[in-house]
Protein chains: 4
Amino acid sequence: MSAGLLVSCAGMETPSRIVPNSQGNCLGSTNALHGNQLPPMIAPTPLHTPSDSTSAEESEGPMMSPTMGFSMTPCIPSTAEYAGPYGFQLCFQQSSTAKSATWTYSSELRKLYCQIFKTCPIQLKLVLSPPVGCLIRAMPVYKKAEHVTEVVKRCPNHELGRDFNEGQVAPPSHLVRIEGSSVARYMRDGESGRQSVLVLYEPPQVGSEHTTVLLSFMCNSSCVGGMNRRPILLIISLETHEGQVLGRRCFEARVCACPGRDRRADEEGARRGRGREGAFRKTCRAGPLSMQVSRRRRLAPPP
Amino acid sequence: MSAGLLVSCAGMETPSRIVPNSQGNCLGSTNALHGNQLPPMIAPTPLHTPSDSTSAEESEGPMMSPTMGFSMTPCIPSTAEYAGPYGFQLCFQQSSTAKSATWTYSSELRKLYCQIFKTCPIQLKLVLSPPVGCLIRAMPVYKKAEHVTEVVKRCPNHELGRDFNEGQVAPPSHLVRIEGSSVARYMRDGESGRQSVLVLYEPPQVGSEHTTVLLSFMCNSSCVGGMNRRPILLIISLETHEGQVLGRRCFEARVCACPGRDRRADEEGARRGRGREGAFRKTCRAGPLSMQVSRRRRLAPPP
Amino acid sequence: MSAGLLVSCAGMETPSRIVPNSQGNCLGSTNALHGNQLPPMIAPTPLHTPSDSTSAEESEGPMMSPTMGFSMTPCIPSTAEYAGPYGFQLCFQQSSTAKSATWTYSSELRKLYCQIFKTCPIQLKLVLSPPVGCLIRAMPVYKKAEHVTEVVKRCPNHELGRDFNEGQVAPPSHLVRIEGSSVARYMRDGESGRQSVLVLYEPPQVGSEHTTVLLSFMCNSSCVGGMNRRPILLIISLETHEGQVLGRRCFEARVCACPGRDRRADEEGARRGRGREGAFRKTCRAGPLSMQVSRRRRLAPPP
Amino acid sequence: MSAGLLVSCAGMETPSRIVPNSQGNCLGSTNALHGNQLPPMIAPTPLHTPSDSTSAEESEGPMMSPTMGFSMTPCIPSTAEYAGPYGFQLCFQQSSTAKSATWTYSSELRKLYCQIFKTCPIQLKLVLSPPVGCLIRAMPVYKKAEHVTEVVKRCPNHELGRDFNEGQVAPPSHLVRIEGSSVARYMRDGESGRQSVLVLYEPPQVGSEHTTVLLSFMCNSSCVGGMNRRPILLIISLETHEGQVLGRRCFEARVCACPGRDRRADEEGARRGRGREGAFRKTCRAGPLSMQVSRRRRLAPPP
DNA sequence: GGACATGTTGACGTACATGTTA
DNA sequence: TAACATGTACGTCAACATGTCC
Ligand SMILES: [Zn+2]
Ligand SMILES: [Zn+2]
Ligand SMILES: [Zn+2]
Ligand SMILES: [Zn+2]
């Protein structure tokens, strides 16, 4: 039972290698309660299991966090998987296989592909009933170490436009929204400036196994002046009313125009060993021609 | 049976859910007089309010708050239910259940279905007698947040036709008219451009419990270039001669060719959980083929 | 080789056809002085003009007429070629044919291809010496009739960024800048809101035939929220200090990342008869997914 | 050789019966020069030929006009087929069979189905070369006798909208436009008020057999306040510069959202003998509910 | 300069919404 | 009141436009 693995799996960008090690559409399976025994591998061919790995630092796999309920760095939210005391799990419905489905989830890559503005249902499950008043939080973080300190926000174009902003509860700068029945609350952390959405955790409808939450993303991953093709992770956490984390799941998200196409390309690339880790420059030139100066300066002005 | 429920039911579009919580044909029952106790929150368990929170997070975004006598934004009229000092109530006669009735009211959905051009009687009741010279105002508003800032008017086709326009008191652009004895005055707010009708409040006829007002709608909810299938709310308010609001009731209205059919369809849909919230596009993707725009207006709103 | 050809070539979009009728890199050759003979009609055989017709028919619609020194509509700047009293001409240096050149000019298509932020030299020539204090003005206009009324500006992303904006004379919203020796003045027409740049006309250096002006474009033609792939024309005019137009030249401009590639593609396309007239939607059907609008603006333009 | 037959075929509404008597996609075949011998029947089962018919008035079939070059009534344009001295013919490309193709032509029904705003190519052919400067005219007429005197125009909604109107050469009230290379002229007959489009006739491109003209329709056949579901015919004529008719072809046109679907329905209906001749009321009530008063009064105000 | 990344266009299909006819 | 007529929503796909990487 090694902790912290997920940090590198869908996490903080270890020497980029795609590890197809999932077990269907679920992050965190049923029998795991607190300490998180390994989830049973349901996938036809589990590649290497965490126990194969030689070092906790480098091993990869869908796993627990060393930092249980609280993040290590104030500024960098934990992306560690954590089932927590109530056995928090997350999975996706069988997604459309169409090339231009509005969303699709690759369990092979642990990556969600979703069109901008469209809702994508995620399914939550708890093994034990949590106290009343628990909350679900969704927060995006940049995946790559180089960008992880930067807050993920909408691009100026989208933030300043009227569409989807006028008359909406969600502040225009938030990338992630939660739609659906329960009223969503949009938060901004005072210190870090990180933005997130909260909804009340509601137990599954009678007859249903999961609670469904409808996510939507308000920028493309490629949005210039915003995510700018840099991959992000989405952290979904179960929290108490006071903000204590009772569970955490995490997956990569790519918001794009053609989820099916791009997923297919990623998976092929991954199989051929050629990671396609977001087209954001590897080298360190000045920046793309149309955004000449180094992006950092422009996007994160000194506060 | 609390009068305030309507705030959440037919109110300003909290994340779309229909709450079938009405109590017959009446909006605002007798025991509520002034204050209108705050409506119970829709969510099963109330979210924590900002003041509860222990973290540095500040919640962002426009919070919904019930407004009493005055609207929060000058441009967006309040749709909050308000009994007011005289116990203002509104209800509908037992409506014809026939599929071909010219109007019908679903108390389950708090929604009026009415044919274009036909009159529909609404019944008003006051617990206490108001001062002489009070007025009744009817004003339509779009129900959905995305459209709520737009003034509800007739479509060009109907506005420019001769029928029902020639020789009429009502200006051709007004959607809602009041027919019957008392002379109606058609108003247009200088700032917002909102249109409404006013009639003198007259106490019930002797032997009658209610004052009846005859409404008529001059466009279908589906009229292209006008409401265009977007649901509206009708705000009925009791006002002093000077415009102070002494009471307010509000219900959804759908103007259509087959009130009976459509009500039935709505109610079935609601029961099956499949809201039928007006067929107006959700995704904002295209525009209807027959009503296109040059992208210009989209991309560069006039300064 | 008549100077007037450009009127139909790069002019205000007569029903789209590209007429490859240019004559090298120059717009307006020497023999044309004042009057600019009327451009020959594009159609092989001229249609009959209304005065010919024997029937009672009147032709309807805006007829295109060449305007001399003054624009017909205040809001739509004239794009008519006009040599004027001093024989105003414009041409381009022999442009690099390299695929990676920062700019290139296709005399076949009368179209400049230029990278964003890079300077592109244009050469001006006058047959007679103009009075002292004459000005050169550069103003962009959308080429297509559907967009011609819209002011050409930078996209929000570029306008709001810091790069190329901080500490610059040019206002961030201006698309076109003039670099180089003479101080440029950035103007905004009060009524129309049109933006343009002015520099003093300086006679050619001794030994040189032309006056060179360095243009630069601060957005790509493809910039979302700005030009958005809509082709533009650039109007270069010679004016008196008081604003009277003494000459006018006009060419299409495309600001893009790969001028060489795109020019080549255009020219091939043109030869094969398949105009490649800017990828902006023809049908006006939808809007791009990532730049949606609430229908409101479509249906009810602000009064 | 009976003349005038076509008047009833695609023409003036004889007791409505659909006669599937066409011969592929062409109206008027090659060997017909002036007097119009009967076109060879290519259709598998020609029903009755004109010679079957007992009276010229009632007989049906694709045929010549008694009024050769000039219309009988000033107000009702002739819809008679007329090959004329140059053997004027019209046909359609093989149209898409898709259910929602943007246009499709049923030679069985001699009827074009076309989406609003989309261009539809029609192919013209002349056996002999006409004099230089000949024109092609397209003019719509109502098909049914009851409406034939009414001028076919756009509906108020579309005429007054901005889309497709702003900055266009075509006047907003014209239903039919011609797109493409040659400049179109939009005419309005002084007496009748009839609207039509003219383009120069251009001989086929080298290697091509036909001249292609791109038509587009700016209203749906169903547009309320406009065609209002009343079927129309489109008259295509070849004319001299002075307006003398040198040839005429005519077909029914239906502008609708789903050409494929509707064609299929029509053809099935026709086979089952149940004409589907436009859903405009047969009976003579007041008008549809939403357009209460008789349309005539509203649409054609006394001039 | 080539390969690629990635949004847009526009054609199409199905299900449905909704007025009209009878 | 049922059947129909007919537009709309929206998912899907292939071709393409166009910036970026290297
Ligand atoms: Zn964005
Ligand atoms: Zn209307
Ligand atoms: Zn830009
Ligand atoms: Zn129309």
Side-chain angles (χ1 to χ4, degrees), chain A residues 96 98-102 115-116 118 220-224 229 254 256-258 260-262 265 276 278-283 285 287-291, chain B residues 98-100 115-116 220-224 228-229 254 256-258 260-262 265 276 278-291, chain C residues 98-100 116 220-224 228-229 254 256-258 260-262 265 276 278-283 285-291, chain D residues 96 98-102 115-116 118 220-224 229 254 256-258 260-262 265 276 278-283 285 287-291:
Chain A
S96 160
K99 194 184 270 181
S100 43
T102 56
Q115 283 185 342
I116 187 176
K118 302 295 172 66
N220 280 310
S221 289
S222 61
C223 268
V224 171
R229 302 187 319 290
R254 173 187 167 94
C256 58
C258 308
R261 174 184 69 179
D262 295 352
R276 232 188 49 127
F280 191 83
R281 74 181 42 262
K282 259 100 188 174
T283 63
R285 281 193 320 172
L289 179 54
S290 71
M291 275 283 144
Chain B
K99 206 184 243 177
S100 57
Q115 283 186 342
I116 187 175
N220 280 311
S221 289
S222 61
C223 268
V224 171
N228 207 324
R229 303 187 317 291
R254 172 185 168 98
C256 57
C258 309
R261 173 185 70 179
D262 295 351
R276 234 187 49 129
F280 190 83
R281 72 185 45 265
K282 257 94 187 176
T283 61
C284 266
R285 174 74 200 298
L289 179 53
S290 68
M291 267 288 142
Chain C
K99 205 184 241 180
S100 57
I116 187 176
N220 280 311
S221 289
S222 62
C223 269
V224 171
N228 206 326
R229 304 189 314 293
R254 174 187 166 96
C256 57
C258 308
R261 173 185 70 177
D262 295 351
R276 234 188 51 126
F280 191 83
R281 74 184 43 263
K282 255 94 188 177
T283 61
R285 177 74 199 301
L289 179 53
S290 69
M291 267 287 142
Chain D
S96 159
K99 192 185 274 184
S100 42
T102 56
Q115 282 185 343
I116 187 175
K118 302 296 174 64
N220 281 310
S221 290
S222 62
C223 269
V224 171
R229 304 191 315 293
R254 174 187 166 94
C256 58
C258 307
R261 173 185 70 179
D262 295 352
R276 233 188 50 127
F280 192 82
R281 75 182 42 266
K282 259 100 190 175
T283 62
R285 282 194 318 172
L289 179 53
S290 72
M291 275 283 144

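So that the names make sense, note that chain A is the first sequence line, chain B the second, and so on, each numbered from 1.
- Comparing A:N220 and B:S221 along DNA chain E, the residue whose closest nucleotide (by nearest heavy atom) sits nearer the 5' end is A:N220.
- Taking atom CG on D:D262 and atom P on F:dT8, their separation rounds to 13 Å, with Å as the unit.
- Of the side-chain N and O atoms in C:R229, none sit less than 4.0 angstrom from OP1 or OP2 of E:dG7.
- Atom CZ of B:R229 is separated from atom SG of B:C223 by 11.0 Å, given to the nearest 0.5 angstrom.
- Across F:dT20, E:dC12, E:dT6, the shortest atom-to-atom separation from the side chain of D:A101 is found for E:dC12.
- Summarising the geometry, the separation between CZ on D:R254 and P on F:dA5 is reported as 9 Å, rounded to the nearest angstrom.
- Counting any heavy atom pair closer than 4.0 Å across all strands shown, D:T102 reaches sugar-phosphate atoms only and no base atom.
- The shortest heavy-atom contact between C:D262 and C:C256 is OD2-SG, 3.3 Å.
- Of the candidates F:dT8, E:dT20, F:dG19, the closest approach to any side-chain atom of D:A257 belongs to F:dT8.
- Going from atom CD1 of A:I116 over to atom P of F:dC10 covers 16 Å, rounded to whole Å.
- Scanning atom types as modelled, one donor and one acceptor separated by under 3.5 angstrom connect the side chain of D:R261 and the base of F:dG7.
- In this structure, A:K118 does not reach the F:dC10 phosphate: none of its side-chain N or O atoms is under 4.0 Å from OP1 or OP2.
- What separates CG of B:N228 from P of E:dA17 is a distance of 15 Å, to the nearest Å.
- With sequence neighbours excluded, no residue forms a side-chain contact (heavy atoms from CB on, under 4.5 Å) with C:A257.
- Along DNA chain E, the nucleotide nearest to D:A98 and the one nearest to B:C223 differ in position, and the one closer to the 5' end is contacted by D:A98.
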